[in-house]
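First comes the structure, then the notes that go with it.
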Amino acid sequence: MFEEKRSRFVHGWMAAAIIVAIFILLQATQNVLITSIMMQLVFYTVLPVWLLSYQFKKRDVKLRQVVFFRGTARWLLPLSGLTVLVLVFSMSIYWLLLRALMPIAPAVVDFALTPQPFPDALWYMVATSFILAIIAPIAEEFVFRGLILHRLIAAFGFWNGLGMSSLIFGIFHVNFFGAFLFAVVASLLYLKTGNLLVPILLHIANNLIAVYQSFVNPSFPQWLMVSNINDLYTKSVPNLVVLIASLALLLFIIARMARGLENKVKETRVFWN
């Protein structure tokens, strides 16, 4: 017990020292863009690595036990379909949210629909895109699916734990409902395969499209994309149809994936109990 506490203490101080050193260097550069990139890297690399390395060591879990290529190829086609399905659901539910807020908080809707200027520095856009599309999905899947999901399932049961972990994930995202349903799908994929690489690939594909929409072509797909207040009304029919259809299909897929999974999780008690 003493050695375990000592190890955790040392790792904590090491992580804190790294973070402090990074911010001292940032203060010396006085470059806002570099500071922004480094803060993102700290949030998505230093903190998750520190947290997960301790948990892996404490439970004697090897990385190859939770991330592996075996059997992943057969999931590539289903993941492509799920990516599109989750994307169109997220876009349509975001439209509904803005439409509901319009009568009570028009200023918030106007701010949400106003394009935010990006710095002209190409290196900054490339670095930010790489962090958001590749590093962030890996870090979030390890933390939310690899750690939090199993701890909550062990404490509160299968559905309660899955729902609570998805709720926490949704809170950290602007499009709460889209993120919540995405987290449910990602959680079931992980529990079904026992392989974090599967939800990681889904998450990367989702974020790649989101980054493309933000930085390259924000009007895609034109018939669903809401870019101004007028679109909230003129594109209500296609968004409503897509919302109902995508939600129904996602719920059907969730029900199919969850079939028999509760007993499987109880039998295997994967890693984090």
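Being a predicted model, the structure only gives us computed values, none of them experimental.
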**Asked** Measuring from Asp231:CG to Ser227:OG, what's the distance to the nearest 0.5 Å?
**Response** 4.5 Å
**Prompt:** Is there side-chain contact between Ile135 and Phe130, with heavy atoms separated by less than 4.5 Å?
**Reply:** yes
**Message:** I need the Leu101 CG to Asp110 CG distance, nearest 0.5 Å.
**Reply:** 12.5 Å
Acceptor/donor pairs from residues 91-99 side chains to any protein atom, 3.5 angstrom cut, sequence neighbours excluded:
residue, atom, partner, partner atom, Å
Ser92, OG, Val88, O, 2.9
Ser92, OG, Phe89, O, 2.9
Trp95, NE1, Leu232, O, 2.9

**Shared hydrophobic cluster for Val49 and Leu41 (ILVMFWY, side-chain gaps under 4.5 Å)** = no
**Message:** Hydrophobic cluster membership, with links at side-chain heavy-atom distances under 4.5 Å among I/L/V/M/F/W/Y: are Val61 and Phe69 in one?
**Reply:** yes
**Prompt:** Within a strict 4.5 Å, meaning less than it, do heavy atoms of the Phe180 and Ile171 side chains meet?
**Reply:** no
**Request:** Find out if a path of hydrophobic residues (ILVMFWY) with successive side-chain heavy-atom gaps under 4.5 Å connects Val109 to Phe111.
**Result:** no
**Gap between atom CG of Leu261 and atom CD1 of Ile254 - 0.5 Å precision** = 12.0 Å
**Request:** Report the residue from Leu181, Leu85, Asn175 that forms a side chain to side chain contact (heavy atoms under 4.5 Å, CB included) with Ser90.
**Result:** Asn175
**Prompt:** Which heavy-atom pair separates Gly71 from Trp75 by the least distance, and what is that distance?
**Reply:** O-CD1, 3.4 Å
**Message:** Between His150 and Phe144, is the ring centroid distance below 6.0 Å?
**Reply:** no
**Asked** What pair of heavy atoms forms the shortest contact from Gly194 to Phe68, and how long is it?
**Response** O-CE2, 3.5 Å
**Prompt:** Got a second to check how far Leu147's CG is from Leu51's CG, nearest 0.5 Å?
**Reply:** 5.5 Å
**Item:** Side chains of Val66 and Asn195 in contact at under 4.5 Å (non-hydrogen atoms)
**Value:** no
**Fill in**
Looking only at heavy atoms, the pair that brings Leu152 and Ser165 closest together is CD1-N, 3.6 Å
**Message:** How long is the straight-line distance from CZ of Phe142 back to CG of Leu196, given to the nearest 0.5 Å?
**Reply:** 5.5 Å
**Message:** Please find the pair of heavy atoms, one from Phe158 and one from Leu188, that lie closest to each other, and give the distance.
**Reply:** CZ-CD2, 4.1 Å
**Prompt:** Does the cation-pi check pass for Arg145 over Phe169, that is, NZ or CZ under 6.0 Å from the six-membered ring centre and within 45° of its axis?
**Reply:** yes
**Asked** How far does CZ of Arg64 sit from CZ of Arg70, to the nearest 0.5 angstrom?
**Response** 11.5 Å
**Prompt:** Do Lys235 side-chain atoms and Met225 backbone N/O form a donor-acceptor pair below 3.5 Å?
**Reply:** yes
**Within 6.0 angstrom of Phe176 CZ, more than 12 heavy atoms from elsewhere** = yes
**Nearest heavy atoms of Ala139 and Pro48, plus distance in Å** = CB-CG, 4.1 Å
**Prompt:** Going by heavy atoms in the side chains, are Ile253 and Val185 under 4.5 Å from each other?
**Reply:** no
**Message:** So for atom OH, which belongs to Tyr233, do other residues, nucleotides or ligands contribute more than 12 heavy atoms lying within a distance under 6.0 Å?
**Reply:** yes
**Asked** In this structure, are over 12 heavy atoms from other groups packed under 6.0 Å from Phe177 atom CZ?
**Response** no
**Fill in**
For Leu162 and Leu149 the tightest heavy-atom approach is CA-CD1, 3.8 Å
**Asked** According to a 4.5 Å side-chain heavy-atom criterion applied to Ile, Leu, Val, Met, Phe, Trp and Tyr, with indirect links allowed, do Phe172 and Ile148 form part of one hydrophobic cluster?
**Response** yes
Under 3.5 Å, which donor-acceptor pairs link side chains of residues 201-210 to any protein atom two or more places apart or in another chain?
residue, atom, partner, partner atom, Å
His203, ND1, Glu141, OE2, 2.6
His203, NE2, Glu140, OE1, 3.2
Asn207, ND2, Leu132, O, 2.8

**Item:** Those residues that, when tested against Ser80, pass side chain to side chain contact (heavy atoms under 4.5 Å, CB included) (two or more places apart)
**Value:** none
**Asked** Is Val241 linked to Leu251 within one hydrophobic cluster, defined over Ile, Leu, Val, Met, Phe, Trp and Tyr using a side-chain heavy-atom separation of less than 4.5 Å?
**Response** no
